[in-house]
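Worksheet: the structure to be examined is printed underneath.
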Amino acid sequence: MNSSANLVHSLIPKNSEIVRIEFAERSYNIHIGVSLLDDADIFQHLPKASIAVIVSNTTIAPIYAKRLQTTLQGRYKTIHTIVLPDGEAYKTWQTLNLIFDDLLKYSCDRKTTLFALGGGVVGDMTGFAAASYMRGVPFVQVPTTLLAQVDSSVGGKTGINHPLGKNMVGAFYQPHLVLCDLSTLSTLPARELSAGLAEVIKYGPIADMVFFDWIEANIDALLARDPATLAHAVKRCCEIKASVVGQDEREAGLRAILNFGHTFGHAIEAGLGYGAWLHGEAVGCGMVMAAQLSQRIGLVDTAFVARLTALIQKAGIPTVAPALAVGAKANADRYLELMHVDKKAEAGEIKFILINQPGQCLVQTAADELVREVIAACS
Ligand code: NAD
Ligand code: GLY
């Protein structure tokens, strides 16, 4: 274990904080704390089952699966582990099918509980497998990246990518429990930490500028993985996300604000090929582009765009939009083409999440010419 891991262990009290997400009888707790992987008590209210299946990947399973398995041993007769290939490029039907193959091979029944141990890729795929295996089995999110702890593990969006579009196939399906063990962040590569910070920063302009001020003041501590600072960030992000999703589970309206930066970001991910840029990197750059678009429409001033861009840069996230095609015009055409394959698009029109004023969003269309200007300005 490296030195930041020791820091995490020594400085944070062992007890966990709980953020509750309210969905009537499907409500659940998000536990945030240190060494939660070893805390069997947290699992005591899960539905009774004889089989548990830990779904993880080739990077995370060797580090954390055994610990989780040991903790779960008193609760389940049998515990299996499914190890998937690692990477966004594997968030596919083919990989999803590997989960179903093993669930059937192990004679998993309708009560079998799945544990998603990993980042957002493992979480999204395990959630989708849980939603569809035997028409639905219980599952638990055990997110091990900052991005997954502050965003993807909470709120029940599950799914896979399609070569033509990001996250285009999936289901809304809530976990029974989310367990954010902050100690797992000690082994996260620096680039992944930065990518997670993009989603942390996102919550400022969309919902809470006091939190944005706090992130600006604490960005160095976050990058240094200061335990108490990380704990506050994860808790505040989960509170905001729980509040938004609790009001609008299936994205009839409000929940769309969580996609700030994602319309441009998803185009970058699909256009470059999944995995070339990390999801958080694409979202970070996408937030700069969406802020620029908001400014060109007359909603925010250039000072706000500069402030957001500076923070994203300081977090270690690229802010120059990559070329998705050769030539300035062809590049904008390609962005527009990719952005049309977006779940928010309606009747062929792209809907953008814009900043109406710092801390508040607006969802609307934008003239292609303005979008082209933004792509050129950010390239
Ligand atoms: P990821 O799942 O690919 O994980 C990033 C990398 O870090 C992987 O190589 C992983 O193996 C490794 N890793 C994970 N935890 C580690 C640890 N503790 N120590 C060392 N290495 C570790 O990427 P991500 O950023 O966690 O998630 C991105 C995915 O999440 C995207 O597919 C995105 O679409 C999805 N997402 C979903 C939602 C949602 O609401 N469902 C929200 C945001 C993002
Ligand atoms: N990350 C976007 C959402 O959960 O809606």
Side-chain angles (χ1 to χ4, degrees), residues 1-2 4-5 8 21 37 55-65 67 83-92 95 116-128 131 141-161 165-168 170-175 178 180-200 202-203 206 225 237-238 240-242 244-245 248-262 265-266 269-270 274-275 277-284 343-344 353:
M1 202 177 282
N2 66 25
S4 45
V8 170
I21 180 159
L37 278 180
V55 183
S56 193
N57 73 22
T58 48
T59 305
I60 305 152
I63 320 179
Y64 296 113
R67 263 173 71 192
V83 181
L84 304 176
D86 183 8
E88 187 73 40
Y90 293 100
K91 194 175 163 185
T92 59
T95 313
L117 175 67
V121 170
V122 165
D124 281 12
M125 280 198 293
T126 308
F128 193 25
Q141 288 275 16
V142 189
T144 61
T145 62
L146 180 61
L147 186 141
Q149 295 190 352
V150 300
D151 192 353
S152 65
S153 64
V154 174
K157 276 190 182 174
T158 73
I160 53 169
N161 298 328
K166 172 89 183 143
N167 292 337
M168 291 307 282
F172 288 98
Y173 193 67
Q174 300 298 336
V178 179
C180 301
D181 185 336
L182 299 166
S183 1
T184 61
L185 301 182
S186 62
T187 53
L188 197 62
R191 185 179 169 198
E192 298 291 349
L193 184 81
S194 287
L197 285 172
E199 300 278 16
V200 173
K202 174 186 82 177
Y203 289 104
I206 66 165
R225 306 179 201 218
C237 294
C238 287
I240 297 171
K241 182 147 189 192
V244 169
V245 173
D248 179 20
E249 181 181 7
R250 290 178 165 254
E251 205 168 305
L254 177 68
R255 185 169 180 163
I257 69 171
L258 298 170
N259 288 317
F260 175 52
H262 287 57
H266 284 172
E269 286 189 86
Y274 298 118
W277 275 34
L278 303 179
H279 175 71
E281 293 172 337
V283 166
K343 293 187 288 306
K344 288 179 298 303
I353 315 301

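Numbering of ligands and ligand atoms starts at 1, following listing order. Sequential numbering from 1 along the given sequence is applied to the chain's residues. No hydrogens, no waters, no symmetry mates; every other heavy atom, side chains included, goes into these values.
- Contacts between Asp151 and ligand 2 below 4.0 angstrom, taking non-hydrogen atoms only, involve the side chain exclusively.
- Taken from NE2 in His279 to OG in Ser152, the straight-line distance is 8.0 Å, to the nearest 0.5 Å.
- Of the charged side-chain nitrogens involved, at least one lies within less than 4.0 Å of a carboxylate oxygen, so that Lys157 and Glu251 count as a salt-bridged pair.
- Taking every non-hydrogen atom of Lys157 and a distance limit under 4.0 Å, the qualifying atoms of ligand 2 come out as 2 (C), 3 (C), 4 (O), 5 (O).
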Would Thr187 and Tyr64 satisfy side-chain contact (heavy atoms from CB on, under 4.5 Å), going step by step from the backbone distance to the final call? CA-CA 10 Å; Thr187 53; Tyr64 296 113; 2.6 Å; yes
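- Ligand 2 places these atoms under 4.0 Å from at least one heavy atom of Asn259: 2 (C).
- Judged as a side chain to side chain contact (heavy atoms under 4.5 Å, CB included), and not counting sequence neighbours, the contacts of Asp86 are Asn57, Thr58, Thr59.
- Listed by chain and residue number, Lys202, Lys241 satisfy the salt bridge (Lys or Arg N to Asp or Glu O under 4.0 Å) test with Asp151 (two or more places apart in sequence, or in another chain).
- By the side-chain hydrogen bond (donor to acceptor under 3.5 Å, both in side chains) test, Lys91 pairs with Asp124, Asn167, sequence neighbours left out.
- Each of the atoms 1 (N), 3 (C), 4 (O) of ligand 2 lies under 4.0 Å from some heavy atom of Lys241.
- Remark: side-chain polar atoms of Thr158 are not paired, donor with acceptor, to backbone N or O of Tyr173 under 3.5 angstrom.
- In this structure, ligand 1 sits under 4.0 Å from heavy atoms belonging to Asn57, Thr59, Ile60, Tyr64, Asp86, Glu88, Lys91, Gly119, Gly120, Val121, Asp124, Thr144, Thr145, Leu147, Asp151, Ser152, Lys157, Lys166, Asn167, Thr184, Thr187, Leu188, Pro189, Glu192, Glu199, Lys241, His279.
- The closest donor-acceptor contact from the side chain of Tyr203 to the backbone of Val150 lies under 3.5 Å.
- Not a single N or O atom of His262, backbone or side chain, sits closer than 3.5 Å to an N or O atom of ligand 2.
- Distance alone, capped at 3.5 Å, is enough to place a donor-acceptor pair between the Gln149 side chain and the Asp181 backbone.
- Considering only non-hydrogen atoms, atom 2 (C) of ligand 2 lies nearest to Leu258 out of Leu254, Asn167, Leu258.
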